[in-house]
Amino acid sequence: MTRNQPNPDDRRDNVEKLQNMVQNTLENIAKAEESQAFADSSTQQQQIQAKNERRRESIDAMREEMKDEASAQNGQGQENQYQ
């Protein structure tokens with residue numbers, strides 16, 4: 001019988017992944033704003049605006065996480081996990 005081993009916590013490329021996620025989200029916001037001109041109703045326009053607002057909030061959270069990851073990679077902000 002084989003045992004499933006969890007993957008090691010490899011955080012070396014998290015900042016890069018987060019940067020890509022932010023860039024993709026910014027592109028999605030721009031595309032949504034372009035499509036808003038072709039929305040059939042004010043309801044659709046409001047839905048696009050609401051979704052873009054959620055995207056902006058996600059970007060803020062991703063940027064905060066990037067700061068945390070960068071600090072962790074630089075050896076800062078690491079607490080003793082055995083306390």
Working for salt bridge (charged side-chain N to carboxylate O under 4.0 Å, His left out), residues Arg54 and Glu57: CA-CA 5 Å; Arg54 290 190 302 272; Glu57 291 170 2; over 6 Å; no
Stepwise side chain to side chain contact (heavy atoms under 4.5 Å, CB included) test for Gln49 and Glu33: CA-CA 8 Å; Gln49 289 172 351; Glu33 288 174 349; over 6 Å; no
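Taken to the nearest 0.5 Å, the CD atom of Glu53 stands 14.5 Å off from the CD1 atom of Ile48. Considering CE of Met66 and CG of Leu18, their distance stands at 6.5 Å, rounded to 0.5 Å. Here the straight-line distance linking atom CE of Met21 with atom CG of Asn14 works out to 10.0 Å at 0.5 Å rounding. To the nearest 0.5 Å, the span separating CD1 on Ile29 from CG on Asn24 amounts to 11.5 Å. The CG atom of Asn28 sits 9.0 Å away from atom CD1 of Ile59, with the distance rounded to the nearest 0.5 Å.
Within the 4.5 Å cutoff, the side chain of Ser58 has heavy atoms near those of the Met62 side chain. At a threshold of 4.5 Å between non-hydrogen side-chain atoms, the residues Arg55 and Asn52 count as touching.
Checked by atom type and distance alone, the side chain of Gln44 never pairs as donor or acceptor with a backbone atom of Ala39 at under 3.5 Å. Here the side chain of Gln73 pairs a donor or acceptor atom with the backbone of Arg12 at under 3.5 angstrom.
Around CD of Glu16, the count of heavy atoms belonging to other residues, nucleotides or ligands within 6.0 Å does not exceed 12.
Taking 4.0 Å as the cut-off between side-chain N and carboxylate O, Glu34 and Lys31 do not count as a salt-bridged pair. For the pair Glu69 and Arg63, the salt-bridge criterion is not met [side-chain N within less than 4.0 Å of a carboxylate O].
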